[in-house]
S.K.: 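First the structure, then my questions, so here it is.
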Amino acid sequence: MRTVFLVIGVIALIMGLVWTGQGAGLIQWPAQSFMINQSQWMWYGASTAFGGLLLIFVSRKV
């Protein structure tokens, strides 16, 4: 269970950081993405990254 939480947490953290970067306009990849410069994706990404961090911390405690 520990490994599953860690893997899912790392994937969620990376996804969240990418979404936050796209929403902020810092990551312009892919160029035709609907998420670029859309502030709601900064919030979705930050929430996903936070959830990923929580899963990583939980995996270390289990």
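Note that the structure is predicted; figures quoted are calculated from it, not measured. Note that these values count all heavy atoms, side chains included, but never hydrogens, waters or copies made by symmetry. Counting begins at 1 with the first residue of the sequence.
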S.K.: Do the side chains of V10 and I56 get nearer than 4.5 Å, heavy atoms only?
M.R.: yes
S.K.: Let me have the donor-acceptor pairs involving side chains of residues 17-30, under 3.5 Å, with sequence neighbours excluded, atom names and distances please.
M.R.:
unit_1	atom_1	unit_2	atom_2	d
T20	OG1	G16	O	2.8
T20	OG1	A46	N	3.1
Q22	NE2	W29	O	2.4
Q28	NE2	G25	O	2.7

S.K.: Could you report the tightest heavy-atom contact between G52 and A12, atom names first, then the distance?
M.R.: CA-CB, 3.8 Å
S.K.: Residues in side chain to side chain contact (heavy atoms under 4.5 Å, CB included) with V4, at least two apart?
M.R.: I8
S.K.: Say whether M35 and M15 are linked into one hydrophobic cluster, either directly or through other cluster members, by side-chain heavy-atom distances under 4.5 angstrom.
M.R.: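 Yes, M35 connects to M15 through the hydrophobic network.
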S.K.: Taking a hydrophobic cluster as the set of Ile, Leu, Val, Met, Phe, Trp and Tyr residues connected by side-chain heavy atoms closer than 4.5 Å, whether directly or through intermediates, do L55 and M1 fall within one such cluster?
M.R.: yes
S.K.: Return the CG to CD1 distance between L6 and I11, rounded to the nearest 0.5 Å.
M.R.: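 Output value for this atom pair is 9.5 Å.
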S.K.: Which pairs with one or both residues in residues 43-62 pass ring-ring contact (aromatic ring centres under 6.0 Å, His included), sequence neighbours excluded?
M.R.: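 Found W41-Y44.
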